[in-house]
**Q** 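Encoded as structure tokens, here's the structure I'll be asking about.
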Number of protein chains: 2
Amino acid sequence: MINELTGISAAHEQSIQKARKRIIESIGKNMDLYGITLSTGLLYGLMFFQNKPMTLDEMGEAMEMSKTSMSTGIRTLVDLNMVNKVWEKGSRKDQYEVERDWHQTFADFFVIKWRKAVELNLLALRKSLSELNELSAKHPEEEVLQDYLRSDIEKINQAIAYYLWLDRLIDTMESGDIYQLVPKEHVPDKHM
Amino acid sequence: MINELTGISAAHEQSIQKARKRIIESIGKNMDLYGITLSTGLLYGLMFFQNKPMTLDEMGEAMEMSKTSMSTGIRTLVDLNMVNKVWEKGSRKDQYEVERDWHQTFADFFVIKWRKAVELNLLALRKSLSELNELSAKHPEEEVLQDYLRSDIEKINQAIAYYLWLDRLIDTMESGDIYQLVPKEHVPDKHM
DNA sequence: CTATTTGTACAGTTTTTACAGAACAAACTA
DNA sequence: TAGTTTGTTCTGTAAAAACTGTACAAATAG
């Protein structure tokens, strides 16, 4: 039996489950922003309200899905640092629990996914930039070619500048400097 | 004919296309972070290197895809403010060009997509919170129930605090205050 | 060492999504 | 107004992704 809400009336349990379900479904849906599928999002929501770590078997039973699917879903969540594997003594089964610091989860998403994209795009941009610069140096007299090259090189340089900015933004998330600009606790404006 | 690289040798044209292709494919792939499909990402990359607005027919020819697909792809990009519809006089066809300010594109993505998610999640959280508070007030004597409620309410309050923070972060992107923390132009550290 | 148990890789199936072609409605043209 | 042109909706199909059950390898227990 999965249900951990024991010792209260069925009506009360239902009320709590209804309240949880609303949240789980909303969060689960919107986790597509993290590139996470709905069912994995729902799994995350389920674990969010759990007060102890869960095993794959428990998840499968609660989600009415195969353990295989739980395994792949959990891997996605672990890769994003949204869920942590915990070591429970006396159990052979792997146990998982959600990361409670959502600010950290948000930051990690950028550090993991967006940083990777920035690096790959910068790599491509710089390689192409170097090729085009080389081509330009080889044929300084060909005006039409130079026009094309100038245009592309300008675009590439702007793109590089943007990715460097994005890289610095991600730095502030990794270092925590972002909280200087936007504190975790809201500081109200001073009014005269 | 789509190719706008005329007046240069085939070899030079090929060099430029190769350099572009590397960038287009890298950017196209990584646009999945925006929830954008690969082919739409490639369409965006194509338009990025175009120096004039494109029509749906031109896109279809260049991408070797149907105009229908171009239409849906473009709508996705327009909805995200990544591409703008421009009004070219003397032409009946709709024309589109990429938004060149990528900082703005990035900010718009948060303002459009993440803000929506924040709002929906806050709505669900607050509604459930209110239900649970009500339930708690109705049965102050039931200790087991109160334990469950305390736990859920605590989690919900933490989630709300997080989303309020995220909302303020999005505010800084919308207002431009984010550039105070991370300037568009890199300001190197001062060293002694 | 042998028996289980556990998690994952793999292969097949189902479901979802992307895409194309036809049909249509709106807008422009003559 | 009638005749085109253009973009999108709708429907069917192809491709991709999610999901399941089996098989297997690694780890633990006896």
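Computation of the quantities below employed the complete heavy-atom set of this structure, encompassing side-chain atoms and omitting hydrogens, waters and symmetry-equivalent molecules. In the text below, chain A, chain B and the rest are named by the order of the sequence lines, each starting its count at 1.
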**Q** Could you check which of D:dG7, D:dT20, D:dA18 has an atom nearest any side-chain atom of A:Thr68?
**A**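 The answer is D:dT20, which lies nearest to the side chain.
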**Q** Just the rounded figure in Å: distance from P of D:dC19 to CD of A:Glu64.
**A**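 Interatomic distance, CD of A:Glu64 to P of D:dC19: 14 Å.
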**Q** Taking the side chain as every heavy atom from C-beta outward, state whether B:Glu58 and B:Gln50 have any atom pair closer than 4.5 Å.
**A**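 In short, these two side chains do not touch, never coming nearer than 4.5 Å.
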**Q** Rounded to whole Å, how long is the line connecting atom OH of B:Tyr96 with atom P of D:dT6?
**A**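 Whole-Å distance recorded here is 13 Å.
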**Q** Of the options C:dC19, D:dC19, D:dT8, whose atoms approach the side-chain atoms of B:Met65 most closely?
**A**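 Nearest to the side chain of B:Met65 among the choices is C:dC19.
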**Q** Any non-hydrogen side-chain atom of A:Leu77 less than 4.5 Å from a side-chain atom of A:Val98?
**A**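 Not touching, per the 4.5 Å side-chain cut-off.
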**Q** What I'd like to find out is whether the side chain of A:Arg150 reaches to under 4.5 Å of the side chain of A:Asp147, using heavy atoms alone.
**A**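 Yes. Closest side-chain heavy atoms under 4.5 Å.
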**Q** To the side chain of B:Arg75, which of C:dG7, C:dA20, D:dT8 is closest?
**A**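 Among the listed nucleotides, the one closest to the side chain of B:Arg75 is D:dT8.
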**Q** With the side chain of A:Thr37 defined as its heavy atoms from C-beta on, choose the nearest nucleotide among D:dT8, D:dT20, D:dA18.
**A**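 Of D:dT8, D:dT20, D:dA18, D:dA18 is nearest to the side chain of A:Thr37.
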**Q** How close or far is atom P of D:dT6 from atom CD of B:Glu58, stated in whole angstroms?
**A**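 Whole-Å distance recorded here is 11 Å.
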**Q** What is the distance from CG of A:Asp32 to C1' of C:dT16, rounded to the nearest Å?
**A**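 The answer, rounded to whole Å, is 15 Å.
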**Q** Is the shortest side-chain N/O distance from A:Thr72 to OP1 or OP2 of C:dT8 below 4.0 Å?
**A**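 Looking at the OP1 and OP2 atoms of C:dT8, neither is under 4.0 Å from any side-chain N or O of A:Thr72.
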**Q** Of all the nucleotides listed (D:dT20, C:dG7, D:dT9), which has the minimum atom distance to the side chain of A:Lys67?
**A**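 Among D:dT20, C:dG7, D:dT9, the one nearest the side chain of A:Lys67 is C:dG7.
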**Q** Would you say a side-chain N or O of A:Ser69 is under 4.0 Å from OP1 or OP2 of D:dC19?
**A**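 It does not, given that no N or O in the side chain of A:Ser69 lies less than 4.0 Å from OP1 or OP2 of D:dC19.
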**Q** Where the side chain of B:Arg92 is defined as all heavy atoms beyond and including C-beta, which of D:dA18, C:dC28, D:dG7 is the nearest nucleotide?
**A**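 Shortest atom-to-atom distance from the side chain points to C:dC28.
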**Q** Considering only side-chain heavy atoms of A:Ser39, which listed nucleotide, D:dA18, C:dG7, C:dC19, is closest?
**A**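 The answer is D:dA18.
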**Q** Would you say B:Gln14 has more than 12 foreign heavy atoms packed within less than 6.0 Å of its CD?
**A**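 Count not over threshold, so no.
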